[in-house]
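Heads up: the structure comes next, in C-alpha cells.
We use all heavy atoms of the structure for the numbers below, so side chains are in, but hydrogens, waters and symmetry mates are not. Residue numbers begin at 1 in each chain, while the letters A, B, ... track the order of the sequences.
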Number of protein chains: 2
Amino acid sequence: MEKTELSQILKANFKHLENDLRDEIVQFGKLESIPAGDLLMDMGSPITYVPLIFEGNIKVTREDEEGNEIFLYYLESGDSCALSLICSGRERISRIRAVATEDVVAIMIPIAKMDEWMVKYKTWYYFVLETYQYRLEELLRTIDSIAFKKMDDRIVEYLRKTSETQNSLTLHATHQSIAQELNSSREVISRLLKKLEQKGMIKLGRNQIEIIDLFL
Amino acid sequence: MEKTELSQILKANFKHLENDLRDEIVQFGKLESIPAGDLLMDMGSPITYVPLIFEGNIKVTREDEEGNEIFLYYLESGDSCALSLICSGRERISRIRAVATEDVVAIMIPIAKMDEWMVKYKTWYYFVLETYQYRLEELLRTIDSIAFKKMDDRIVEYLRKTSETQNSLTLHATHQSIAQELNSSREVISRLLKKLEQKGMIKLGRNQIEIIDLFL
DNA sequence: TCGCTTATGTGACTTTGGTTACAAATGATC
DNA sequence: GATCATTTGTAACCAAAGTCACATAAGCGA
C-alpha cells in the first residue's frame, strides 16, 4: 500500500489525531494484514508494537492456568488495544488472547514511539488515556455480566455484542464455541439457545444463529 | 501538617518520583484525612482530584443498577486510584464505590495538574501508566476469580487479600458483609466458612474470623 | 439479670448449571 | 446415495449455590 493511501485511511479512521502525528504514524508505523483466525497476541508473548485497527474485528479473551477461557470484548476499527499496552509496559505475561474474527488491517506502532508521542502530541495522549479508560469500563461491564447475570442473559448479551461488531443478524458459531467463550458447557448452551428460539428471539441452524429480536 | 513534613512523607512513600515533581505535589496537592468507613467515591459523583494514598486502605467495589455489589480490590499506601481517572477522564458515571477500611491519609491532586505533569515529568508519566496497567491486571484477576472459581475458593481468596492488606490475622466482618462483597447470600457464606473451620483453616467468632492457615 | 438486637447455625427445598450417555440430524466426501 | 465426522437434541442425574424457615447464641443497654 502507498504511503499516501495509508495517510488517507488514517485520516478517515483516526480523524481526531493531529496532522503531524498522522505523518509520523505513516512514517514509523508498519501496515499489516492479519487474516481471519490468526492470533495477534497470545498468552505471554511479549509485545513490541501497539496496533491501531483500520478494518476488521478482534476478539479478546482471557485464559487461566487450567485452560478455562472467557470472552472479554471485541475491538473494532478505530480502536487500539489497551491490553497490548499492559503486556508491553511491564514486560509481564498477561494471559490474554487476541484473535482476528475477520480479516484485520492494522498499523503497528513501535512501543518506543508510543511513549515519545505521549509527550509530543496532546491528541495521542488523550487517545491512549481514553483507550485505557474505555477498556477498564469494558472490563467492568464484563464483570457485571459474569458476576450478576444468569447464563441465559449472558448468552443474549454475547449474541448481541457479536451481532453488533460483525454487523450482521446471522452469526456463524457452534454451540461448543459459545460455551467456551462463556466458560460453560455445550449442553447448557444448547438447552438455553433452544429456549431462546422458543421465545422467538432467535432461529437456530447448523453452525448458524439467526437473530430475530433479542429484546423480547 | 507542615509542608516540610508533607514533603518528608512524600519522599518516603513515593520515592520513585523526581524531586521537582514532589515539590509541585506539595505545592498543589491538598492533604486530607478520611476516617474509616467514609466514602471516597460513590457511584456517579464526578471526580476533580486524584488521590495518592499515604496511609490506610481503601476498598473498591462495583455495584450494578439493581444494587448487586461485588468486591474488586484494595488500594494501599503508595497506590493511586486508576478508577478515579476513569470517572474524571470522560466525566462519565462509573458505578464504582471506594470506601476507607482504615483511616486514610491521602494527598489530593487536581485533575488539571495530572495532565500537566504527564508531559512535564517522566516519573509521573510512568507512575500513571503503571497505575492503569496494574489495575487492569487486578481486574483481570478478579474476573478469573468470579468466572473460574467456586465460592469456597473465592472466600479463601477474599480472606487472604483482606488479611494481607489489613496486615492482621484477625478479621472483623460479619458473614452478611462477606456475602455482599462476593455477591452471594449469608447462609451460603456461613455454611462454607463452617467447612473452612472444620478443615482447620480458620476459627470463627462473632464478628470475627481468625486466620490459621489458608493454604491447607 | 432481663430483654432486645444482631449474628450465626442448620435443615429442607428449589433453581441453575454441569455431567453422562446416547440419539438424531446435517453436510461433506467419495 | 452410502459413509463418516461434526453438530445438535435430550433425558436423567448430580452438584453448587440460593432461598425459606426457624433455632440458637452473643453482646449490649436498661
Side-chain angles (χ1 to χ4, degrees), chain A residues 37 64 66-71 142-159 162 170-212, chain B residues 37 64 66-71 142-159 162 170-212:
Chain A
D64 81 347
E66 284 114 47
N68 298 308
E69 194 183 347
I70 196 157
F71 168 76
T142 306
I143 287 178
D144 285 351
S145 182
I146 305 172
F148 303 139
K149 290 186 180 166
K150 293 208 200 119
M151 196 50 85
D152 50 356
D153 275 356
R154 288 181 56 202
I155 293 180
V156 169
E157 201 177 307
Y158 177 77
L159 294 178
T162 304
T170 308
L171 309 181
H172 300 279
T174 66
H175 301 179
Q176 178 62 56
S177 71
I178 297 175
Q180 218 163 63
E181 311 264 278
L182 301 180
N183 192 47
S184 177
S185 71
R186 203 268 308 162
E187 293 86 337
V188 172
I189 301 298
S190 286
R191 231 165 23 206
L192 294 174
L193 281 175
K194 192 48 79 179
K195 278 191 193 167
L196 296 183
E197 187 176 39
Q198 281 160 5
K199 283 193 203 168
M201 299 168 82
I202 56 175
K203 195 164 172 311
L204 295 173
R206 187 188 170 88
N207 266 319
Q208 172 177 313
I209 298 172
E210 205 180 309
I211 291 172
I212 298 170
Chain B
D64 82 345
E66 283 114 48
N68 299 307
E69 195 182 347
I70 196 158
F71 168 75
T142 306
I143 288 179
D144 285 351
S145 181
I146 305 172
F148 303 139
K149 290 185 180 165
K150 292 208 200 121
M151 196 51 84
D152 49 357
D153 276 357
R154 289 180 56 203
I155 294 181
V156 170
E157 201 176 308
Y158 176 77
L159 294 178
T162 305
T170 307
L171 310 181
H172 299 279
T174 67
H175 301 179
Q176 179 63 55
S177 70
I178 297 175
Q180 218 164 62
E181 311 263 277
L182 300 179
N183 192 47
S184 177
S185 70
R186 202 268 308 163
E187 293 89 331
V188 172
I189 302 298
S190 286
R191 237 173 6 218
L192 294 174
L193 280 176
K194 191 49 78 179
K195 277 192 194 166
L196 296 184
E197 188 177 39
Q198 280 159 5
K199 282 194 203 167
M201 300 168 81
I202 56 176
K203 194 163 173 312
L204 295 174
R206 187 187 170 90
N207 267 319
Q208 172 177 315
I209 298 172
E210 205 181 309
I211 291 173
I212 298 169

- Does the pair B:T174 and B:N207 meet the rule for a side chain to side chain contact (heavy atoms under 4.5 Å, CB included), with working shown? CA-CA 5 Å; B:T174 67; B:N207 267 319; 3.0 Å; yes
Can you check the [X] [atom1] to [N] [atom2] distance for me, whole Å?
| X | N | atom1 | atom2 | result |
| --- | --- | --- | --- | --- |
| A:K149 | C:dT15 | NZ | C1' | 20 Å |
| A:M151 | C:dT15 | CE | C1' | 14 Å |
| B:E187 | C:dA7 | CD | C1' | 12 Å |
| B:I189 | D:dA16 | CD1 | P | 15 Å |
| A:Q180 | D:dT7 | CD | P | 12 Å |
| A:H172 | D:dT6 | NE2 | P | 20 Å |
| B:K203 | C:dT8 | NZ | C1' | 14 Å |
| B:Q208 | C:dA7 | CD | C1' | 13 Å |

- Message: Could you tell me if the side chain of A:V156 sits less than 4.5 Å from the side chain of A:M201, heavy atoms only?
- Response: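 Yes, their side chains come closer than 4.5 Å.
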- Side-chain heavy atoms of B:I70 within contact of A:F148, under 4.5 Å: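 They are in side-chain contact.
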- Task: Record whether the side chain of B:R191 comes under 3.5 Å of the base of C:dG11 through a donor-acceptor pair of N or O atoms.
- Result: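 Answer is no: no donor-acceptor pair is held.
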- Looking only at side-chain atoms of A:T174, point me to the closest of D:dT8, C:dG17, C:dG9.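 The nucleotide sitting nearest to the side chain is D:dT8.
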- C:dG17, C:dT10, D:dT7: which one has an atom nearest the side-chain heavy atoms of A:K150?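 Nearest listed nucleotide: C:dG17.
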- Distance, nearest 0.5 Å, that separates NZ of B:K199 from CD1 of B:I212: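 The CD1 atom of B:I212 is 13.5 Å from NZ of B:K199, to the nearest 0.5 Å.
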- When rounded to the nearest 0.5 angstrom, what distance separates CD1 in A:I155 from CG in A:L193?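 The CD1 atom of A:I155 sits 5.0 Å away from the CG atom of A:L193.
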- In B/S/- notation, 5' to 3', how is nucleotides 23-30 of chain D contacted by protein heavy atoms closer than 4.0 Å? --BBS---
- Query: Nearest heavy-atom pair of B:I211 and B:L159: which atoms, and what distance?
  - Reply: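 It is CD1-O, 3.8 Å.
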- Query: Applying salt bridge (Lys or Arg N to Asp or Glu O under 4.0 Å), which residue pairs with at least one partner in residues 175-194 of chain B are found, sequence neighbours left out?
  - Reply: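 Counting only pairs at least two positions apart or across chains, the salt bridge (Lys or Arg N to Asp or Glu O under 4.0 Å) contacts touching residues 175-194 of chain B are B:K59-B:E181, B:K194-B:E197.
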- State whether A:H175 places a side-chain N or O below 4.0 Å from either non-bridging phosphate oxygen (OP1 or OP2) of D:dT6.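 Checking D:dT6 against A:H175, no side-chain N or O comes under 4.0 Å of OP1 or OP2.
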- Query: Between C:dG18 and A:S184, is there an OP1 or OP2 to side-chain N/O distance shorter than 4.0 Å?
  - Reply: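 Answer yes for this pair, as a side-chain N or O of A:S184 is under 4.0 Å from OP1 or OP2.
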- B:S185 near the nucleic acid: base, sugar-phosphate alone, or nothing, with a heavy-atom cut-off under 4.0 Å?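 Base, at least one base heavy atom under 4.0 Å.
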